[in-house]
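What follows is one structure encoded as structure tokens, with my remarks underneath.
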Amino acid sequence: MDGAPTPASPAGLSAYVAVSQLLGLTLLATTGAWLGRYRGGVAWHSPLQFNVHPLCMVLGMVFLQGDALLVYRVFRHEAKRSTKVLHALLHGLALVIALVGIIAVFESHRTKGIPDMYSLHSWCGMAAFMLYLLQVRAGEPLGPWGGGGRDPTAARNIPVPPQWLLGCGFFLLPGASFSLRGWYKPQHVFFGIALFVLSIAACLLGITEMLLFNIRDSYSHFVPEGVLANTLGVMLVAFGLVVGYVLTRDDWKRPPLAEELALSMDFKTLTEDESPGGGSQ
């Protein structure tokens with residue numbers, strides 16, 4: 001009913017979300033303070049270009065990606081399509097910012113004559129980024145046979161678009177069948193969380209690598225830069241834990257609205273009855 005009050009959020013959810021945002025903003029401020037106070041600041045066409053990299057990766061692949069994952073917990077009573085669009089936009093913005101950071105580090109390495117892609121940090125970081133861009137392999141053929149039958153002529157394994165594009169295709173576009181969305185959703189959720197964890201791990205490795213490059217001899221003496229960077233790493237872990245806790249609480253999942261349930265049943269009937277294996281008469 002239009003006059004019905006908006007249901008309250010579950011107890012504790014708002015507090016955890018607020019803590020996550022406080023941690024996220026503190027992450028960004030701490031990263032800026034580290035780069036500004038001890039690494040000379042940030043600039044593009046200068047010896048400081050490398051510093052664009054850690055700032056962009058923390059902003060894009062950690063903070064914005066974490067917020068994208070929280071969208072469905074925070075906007076519990078808004079129209080689901082609007083929530084999906086916001087979820088996709090945050091992931092897209094994270095992708096663009098991360099791309100800027102990757103370009104910065106490659107250009108900086110080329111200018112300084114430093115080799116690329118030899119460290120564990122670079123391998124993990126590039127793996128996280130490429131999961132957005134490169135094709136992955138899926139065990140089921142995609143097509144109108146999603147849940148109502150399998151195309152006998154299709155290959156068992158076929159290239160599937162990137163994780164972010166898959167999410168847009170399945171959940172924003174109206175053409176995907178109900179059963180196909182149901183098949184993909186658990187994989188979308190898993191890979192989203194896995195990407196988030198991998199991104200934080202890559203940032204932790206990057207912090208350690210940067211400290212060893214710059215203050216190797218004094219790092220063990222608890223110098224202020226080392227303490228500040230270690231604190232940043234601890235906050236990255238804390239941010240990941242808070243976001244992960246919110247995402248894994250089943251009672252904090254977004255409940256379907258009444259009109260969404262009705263539309264979902266109608267959509268399922270239409271798509272499954274029209275599919276080759278849907279039993280249409």
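Note: hydrogens, waters and symmetry copies are ignored here, and every other heavy atom, side chains too, is used.
Side chain of His87 to main chain of Val71: no donor-acceptor pair is present (N/O by atom type, distance under 3.5 Å, no hydrogens or angles). Here the side chain of Ser108 pairs no donor or acceptor atom with the backbone of Val105 at under 3.5 angstrom. Side chain of Thr83 to backbone of Ala79: a donor-acceptor contact under 3.5 angstrom is found. Looking only at distances, no side-chain donor or acceptor of Arg39 sits under 3.5 Å from a matching main-chain atom of Trp34. Remark: side-chain polar atoms of Asn51 are not paired, donor with acceptor, to backbone N or O of Gly40 under 3.5 angstrom. For the pair Arg110 (side chain) and Pro115 (backbone), a donor-acceptor distance under 3.5 Å is absent.
Proximity of Cys56 to Val100: side-chain heavy atoms (C-beta onward) are separated by under 4.5 Å at one or more points. Under the 4.5 Å side-chain criterion, counting only non-hydrogen atoms from C-beta, Cys124 is in contact with Leu120. In this structure, the side chains of Leu90 and Leu69 stay at 4.5 Å or more apart for every pair of heavy atoms. Under the 4.5 Å side-chain criterion, counting only non-hydrogen atoms from C-beta, Ile207 is in contact with Leu236. Using a 4.5 Å cut-off on side-chain heavy atoms (C-beta onward), Arg76 and Pro255 make contact. His109 has its side chain within reach of Phe50: a pair of non-hydrogen atoms, C-beta onward, lies under 4.5 Å apart. Residues Arg254 and His77 have side chains not in contact (no heavy-atom distance under 4.5 Å, counting atoms from C-beta outward).
The two atoms that bring Ser20 and Val17 nearest to each other are OG-O, 2.6 Å, heavy atoms only. Of all the heavy atoms in Val52 and Ala43, the pair that sits closest is CG2-O, 3.8 Å. Across every non-hydrogen atom of Phe196 and Val62, the tightest pair is CE1-O, 3.4 Å. Of all non-hydrogen atoms in Leu13 and Arg73, the two that sit nearest each other are CD2-O, 3.5 Å. Listed here is the closest heavy atom pair of Met57 and Ala98: SD-O, 3.7 Å. Shortest non-hydrogen contact noted between Gly41 and Leu48 is O-CB, 3.9 Å.
Atom CE in Met126 sits 4.5 Å away from atom CE in Met117 (nearest 0.5 Å). One distance of note links CG of Asp116 with CZ of Phe106; it measures 5.0 Å at 0.5 Å rounding. In this structure, NE2 on His53 lies 9.0 Å from CE on Met210, to the nearest 0.5 angstrom. The CG atom of Asp67 lies 10.5 Å from the CG atom of Leu93; values are rounded to the nearest 0.5 Å. For the atom pair CD1 (Ile102) and CG (Leu95), the distance works out to 8.5 Å, reported to the nearest 0.5 Å. Annotation: the span from Leu205 atom CG to His121 atom NE2 amounts to 7.5 Å, rounded to 0.5 Å.
Residues Trp252 and Tyr245 bring their aromatic ring centres within 6.0 Å.
Residue Leu131 is not grouped with residue Val96 when hydrophobic side chains (ILVMFWY) are merged at heavy-atom distances under 4.5 angstrom, including chains of intermediate members. Linking ILVMFWY residues whenever their side-chain heavy atoms come closer than 4.5 Å, directly or via other members, places Leu241 and Ile193 in the same cluster. Leu212 and Tyr38 end up in the same hydrophobic cluster when Ile, Leu, Val, Met, Phe, Trp and Tyr side chains are linked at under 4.5 Å. Side-chain heavy atoms closer than 4.5 Å link hydrophobic residues (I, L, V, M, F, W, Y) into clusters, and following such links, even through other members, never connects Met130 to Tyr118. Under the 4.5 Å side-chain heavy-atom criterion for ILVMFWY residues, no single connected hydrophobic cluster contains both Ile103 and Ile114.
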Test side-chain contact (heavy atoms from CB on, under 4.5 Å) applied to Ile97 and Gln65, step by step: CA-CA 11 Å; Ile97 292 174; Gln65 188 177 178; over 6 Å; no

Pair Val58-Phe63, side-chain contact (heavy atoms from CB on, under 4.5 Å): steps then yes or no: CA-CA 6 Å; Val58 171; Phe63 180 60; 5.6 Å; no

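Counting non-hydrogen atoms of neighbouring residues, nucleotides and ligands closer than 6.0 angstrom, the CH2 atom of Trp44 exceeds 12 such neighbours. No more than 12 heavy-atom neighbours from other residues, nucleotides or ligands sit within 6.0 angstrom of CZ on Phe222. Other residues, nucleotides and ligands place no more than 12 heavy atoms under 6.0 Å from the CZ atom of Arg37. Sparse packing is recorded around OH of Tyr16, with 12 or fewer heavy atoms of other residues, nucleotides or ligands lying under 6.0 Å away. Heavy atoms from other residues, nucleotides or ligands lying under 6.0 Å from OH of Tyr219 number more than 12.
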